[in-house]
Amino acid sequence: MKQVTALALFSGGLDSILASRLVASLGVRVLAVKFVTPFFDYELLADPEGYQQEVMEKYGLEVVLYDLSHNYLDLLHKPAHGFGKNFNPCIDCKILMCSRAKELMAKYDASFLISGEVLGQRPMSQRRDTLRVIERDSDNDGLLLRPLSAKLMSPTKPETEGWIDREKLLDFNGRGRSRQIKLAKEYGITDFPSPAGGCILADPILSPRIARIYKGEFVINPEEITVTDVRLLLVGRQFLLPDGFWLILGRNEKENEKIETLAEANDMLLYMPDRPGPTALLRGAKQRLSESDGIEDTLLKCAGLVVRYGKKVKGEDPGAEVVIRGQGGKRKITSQPLDDKIFREWML
Ligand code: SF4
């Protein structure tokens with residue numbers, strides 16, 4: 001008989017690893033599908049082969065990466081099932097991933113889907129009724145097997161078709177992790193990420209920034225938010241200037257380099273040529289030069305911030321020259337450090 005294939009929705013967390021391994025142990029070929037967006041795990045796209053190798057070595061699983069950014073940026077405008085405690089649209093996020101995974105089934109000749117969801121583990125997205133909604137709204141009725149809680153749920157196609165023995169599936173329930181840890185030991189898995197996860201939309205510090213850009217508080221049009229905007233939101237010191245301009249300052253050399261790499265045609269860059277300090281990016285500033293009478297004042301504020309966070313030399317004038325790149329070439333202005341009292345409220 002031909003071996004049946006299943007696609008696993010693979011977050012990289014312990015539950016998804018265990019669900020995949022359990023189904024693989026029952027004779028099914030499991031291909032893990034890892035979705036990334038700028039809100040979680042985007043950096044994996046820089047080295048997909050490295051990630052594949054790591055997942056194979058650590059967990060014995062084949063994995064493929066898919067970038068879901070485009071759909072995800074749209075989804076955040078108005079998720080049908082709302083947000084969780086932060087800016088996390090967990091139910092719609094899962095519906096989107098399950099829908100996309102279903103579309104991929106034909107490509108990989110897969111017969112069903114797996115997810116590591118555990119009944120009652122999370123208040124919003126893993127209640128019995130919500131799990132049902134995810135299945136229904138992603139058009140996966142009967143196709144989505146949750147092996148870790150399957151015995152507590154209605155049988156799915158792989159069970160009724162006899163591809164999988166329902167008796168070998170599990171009945172995990174609730175928030176406790178002890179059964180997962182025990183199972184991981186049985187599989188010889190010791191190195192796995194903590195359950196807190198890496199989704200920025202659920203992060204109480206970072207997610208309000210994302211909510212504000214979506215509310216239109218920045219010079220960016222919310223309908224035109226890009227992957228680069230989100231990536232910039234997550235690097236360095238962030239300032240929302242009184243006129244709506246958005247300034248990002250690197251906190252170290254690595255962040256300065258990242259900011260330079262992310263700069264686009266309409267952005268302006270500022271830095272001190274003669275002193276160590278931040279590289280600053282004024283987002284979308286070139287495009288708005290003609291629209292704003294106060295651009296000169298804005299640039300002075302930005303230069304003052306660059307000098308404020310730059311290295312001071314004891315006994316020397318704290319003022320410094322700042323290069324502004326992007327106004328049809330380069331120019332220099334001299335600036336004193338901006339007083340903390342002036343900019344405290346601009347910090348995001
Ligand atoms: S925490 Fe983030 S990645 Fe996980 S379901 Fe919620 S929105 Fe999606």
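Basis for what follows: all heavy atoms, side chains included, without hydrogens, waters or symmetry-related copies. Just follow the structure's listing: the first ligand is 1, and inside any ligand the first atom is 1.
Distances under 2.8 Å from atom 6 (Fe) of ligand 1 pick out the protein N/O/S atoms C90 SG.
Among protein heavy atoms, atom 7 (S) of ligand 1 sits closest to Y72 OH, 3.4 Å.
F172 and L169 end up in the same hydrophobic cluster when Ile, Leu, Val, Met, Phe, Trp and Tyr side chains are linked at under 4.5 Å.
In this structure a side-chain-to-backbone donor-acceptor pair under 3.5 Å is missing from S149 to R146.
A donor-acceptor contact under 3.5 angstrom links the side chains of T298 and D243, judged on distance only.
Scanning both residues, P89 and F83, for their nearest heavy atoms gives N-CD2, 3.9 Å.
Both cation-pi conditions hold for R21 and Y187: the charged atom is under 6.0 angstrom from the six-membered ring centre and inside a 45 degree cone around its axis.
Under the salt bridge (Lys or Arg N to Asp or Glu O under 4.0 Å) criterion, E43 pairs with no residue at all, not counting sequence neighbours.
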(request) Evaluate the criterion side-chain hydrogen bond (donor to acceptor under 3.5 Å, both in side chains) for residue pair E117 and Q121; output intermediate values, then yes/no. (result) CA-CA 8 Å; E117 288 156 313; Q121 190 180 77; over 6 Å; no
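The proximity of F40 to ligand 1, defined as any non-hydrogen pair under 4.0 Å, is limited to the side chain.
Distances from atom 1 (S) of ligand 1 to the protein include at least one heavy-atom value under 4.0 Å.
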